[in-house]
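One structure below.
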Amino acid sequence: MIEVKHISKRFGKLKAVDHLDLQLQKGECIALIGPNGCGKTTLIKCILGMVLPDEGEIIFDGKNIRNDDAYRRHIGYMPQIGRYPENMTIGHVLDMIKSIRNDSSPLDEDLYHQFEIAGMLGKRMRTLSGGTTQKVSAILAFLFSPKVLILDEPTAGLDPVASEILKEKIISAKNEGRLILITSHLLSELEDIVSQVIFMQEGKLILHKDVTELKSVTGQSSIARSIIHLLKTES
């Protein structure tokens, strides 16, 4: 579904992404992990079309995304920190995004109902807690039933109940055949969700493996321990 073909991106002397090749297929929930500054955010921004690679290309459903904005309608993006107009209410933000999309397809309002947002529509965005802002971001990411979901630290700031609701929604989306790419520093949060792991370091791809295979090869019981085991073995 998404092919990342030999992309590189520099910011001054810093090579944020270094000749990266990836194949991301539908029906997979993929953890994108690595230390701070490893290139995760730059890769995501390249896929979203927010940053243009210096080299290489990104193919979405068989088409090069360069100079083609239409593919973005098929991506639901949940940022780590959602930034919305402070004086707008939750209801205004939801209505604004619906109006911008102008999509007649049925909306996926499952999270809207499960998070019980209806009773908070009049609250202004500047007054919201971080967790409630995260809920709004999650609702918007899933609202238009996108083929691809890119979720950046999706459970950060959520209470345990909301976190479980979101994780169940992610699993459901994977089972429906959608592609989900998740970044997270809390690897324990990903254990029951992800099917593959991508580990980056200094802009390079270190590994891209199926979770079951990764645990089998390393003999470890968790994603975090498997990654640590591999890094120690290769150092």
Side-chain angles (χ1 to χ4, degrees), residues 29-34 36-38 40-51 72-103 105-174 178-194:
C29 185
I30 305 169
L32 176 59
I33 60 178
N36 291 335
C38 71
K40 300 189 300 292
T41 300
T42 301
L43 172 60
I44 287 173
K45 288 184 176 179
C46 286
I47 293 174
L48 291 171
M50 298 166 66
V51 167
R72 294 180 189 173
R73 296 178 65 86
H74 301 295
I75 297 179
Y77 174 51
M78 181 180 176
Q80 181 178 357
I81 301 174
R83 292 183 171 86
Y84 304 97
E86 292 185 351
N87 286 325
M88 292 184 73
T89 65
I90 294 177
H92 288 150
V93 169
L94 295 176
D95 288 342
M96 177 182 69
I97 299 301
K98 292 174 186 177
S99 177
I100 291 171
R101 284 295 296 262
N102 192 27
D103 193 331
S105 303
L107 298 176
D108 181 353
E109 297 183 323
D110 184 33
L111 289 179
Y112 174 85
H113 295 299
Q114 290 203 66
F115 287 154
E116 300 179 343
I117 292 295
M120 296 184 267
L121 293 179
K123 290 190 174 182
R124 298 192 183 277
M125 299 305 296
R126 69 169 182 270
T127 68
L128 303 184
S129 66
T132 302
T133 303
Q134 281 287 87
K135 291 178 182 179
V136 173
S137 294
I139 290 166
L140 291 172
F142 284 86
L143 191 59
F144 301 99
S145 301
K147 294 180 180 179
V148 176
L149 287 152
I150 298 178
L151 312 175
D152 192 357
E153 301 283 351
T155 59
L158 292 180
D159 61 76
V161 173
S163 180
E164 285 303 312
I165 288 172
L166 181 55
K167 286 193 280 187
E168 288 298 322
K169 186 64 178 175
I170 293 169
I171 292 169
S172 176
K174 177 175 75 75
R178 293 190 250 175
L179 166 62
I180 302 120
L181 190 62
I182 302 178
T183 70
S184 179
H185 287 97
L186 301 174
L187 297 185
S188 59
E189 291 281 312
L190 305 179
E191 284 293 337
D192 300 327
I193 303 176
V194 300

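Starting from 1, each residue takes its place in the sequence as its number.
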Can you name the residues that form a side-chain contact (heavy atoms from CB on, under 4.5 Å) with M50, not counting sequence neighbours? K45, L48

Looking at T155, is its backbone amide N or carbonyl O close enough to the side chain of E189 to form a donor-acceptor pair, meaning the two atoms are under 3.5 Å apart? no

Residues P79 and G82: closest non-hydrogen pair is CG-CA, 3.8 Å

Would you indicate whether the side-chain heavy atoms of I150 and I75 approach each other to under 4.5 Å? yes

Could you tell me if the side chain of T42 sits less than 4.5 Å from the side chain of C46, heavy atoms only? yes

With side-chain contact (heavy atoms from CB on, under 4.5 Å) as the test, would you mind laying out the steps for V93 and M125 before giving the verdict? CA-CA 9 Å; V93 169; M125 299 305 296; 3.8 Å; yes

If you round to the nearest 0.5 Å, how far is CD of E153 from CD of Q80? 5.0 Å

For H92, I'd like to know if atom NE2 has over 12 heavy atoms of other residues, nucleotides or ligands within 6.0 Å. no

Below 4.5 Å, heavy atoms only, C-beta onward: do R178 and L149 meet side chain to side chain? yes

Could you pull out all residues at least two apart from A138 that satisfy side-chain contact (heavy atoms from CB on, under 4.5 Å)? M78, L111, F115, L166

Between atom CD1 of I47 and atom OH of Y77, what is the distance when rounded to the nearest 0.5 Å? 11.0 Å

Salt bridge (Lys or Arg N to Asp or Glu O under 4.0 Å) filter on K123, not counting sequence neighbours, yields none

Please identify each residue that fulfils side-chain hydrogen bond (donor to acceptor under 3.5 Å, both in side chains) with N36, with sequence neighbours left out. H185

Taking the side chain as everything from C-beta on, heavy atoms only, tell me whether D108 gets closer than 4.5 Å to F144. no

Just jot down the side-chain contact (heavy atoms from CB on, under 4.5 Å) partners of I81, sequence neighbours excluded, or say none. R83

Is the closest side-chain donor-acceptor distance between R124 and N87 under 3.5 Å? no

I'd like to know if the side chain of Q114 and the backbone of I165 have a donor-acceptor N/O pair within less than 3.5 Å. no

Under the side-chain hydrogen bond (donor to acceptor under 3.5 Å, both in side chains) test, which residues partner T41, sequence neighbours left out? none

What distance separates R101 CZ from I97 CD1, expressed to the nearest 0.5 Å? 9.5 Å

For S188, the side-chain hydrogen bond (donor to acceptor under 3.5 Å, both in side chains) test, sequence neighbours excluded, returns none

Taking only residues two or more places apart in sequence or in another chain, which ones pass side-chain hydrogen bond (donor to acceptor under 3.5 Å, both in side chains) with K167? E164

Closest non-hydrogen atoms of P146 and A141, given as atom of the first, atom of the second and distance, are CG-O, 3.4 Å

Could you tell me which non-hydrogen atom of C29 sits nearest to which non-hydrogen atom of I182, and how far apart they are? SG-CD1, 3.7 Å

Mind jotting down which residue pairs meet the salt bridge (charged side-chain N to carboxylate O under 4.0 Å, His left out) criterion with at least one end in residues 132-148? Sequence neighbours excluded, please. D61-K147, K135-D159

Could I get the full list of salt bridge (Lys or Arg N to Asp or Glu O under 4.0 Å) partners for D152, not counting sequence neighbours? none

Output all residues satisfying salt bridge (Lys or Arg N to Asp or Glu O under 4.0 Å) with D95, sequence neighbours left out; order by chain, then residue number. none

Just to verify, what does K40 make a salt bridge (Lys or Arg N to Asp or Glu O under 4.0 Å) with, not counting sequence neighbours? none

OG1-CD1 distance between T132 and I117, expressed to the nearest 0.5 angstrom: 6.5 Å

Could you state the interatomic distance from CG (L107) to CG (L143), rounded to the nearest 0.5 Å? 4.5 Å

Check whether any side-chain heavy atom of L151 sits under 4.5 Å from a side-chain heavy atom of T183, and report yes or no. no

Just wondering, do L190 and S184 contact through their side chains at under 4.5 Å, heavy atoms? yes

Taking the side chain as everything from C-beta on, heavy atoms only, tell me whether Y84 gets closer than 4.5 Å to T89. no

Within the distance-only criterion (no hydrogens, no angle test), does the side chain of T133 pair as donor or acceptor with the backbone N or O of S129 below 3.5 angstrom? yes

To the closest 0.5 Å, what do you measure between CD1 (I170) and CD1 (I180)? 7.0 Å

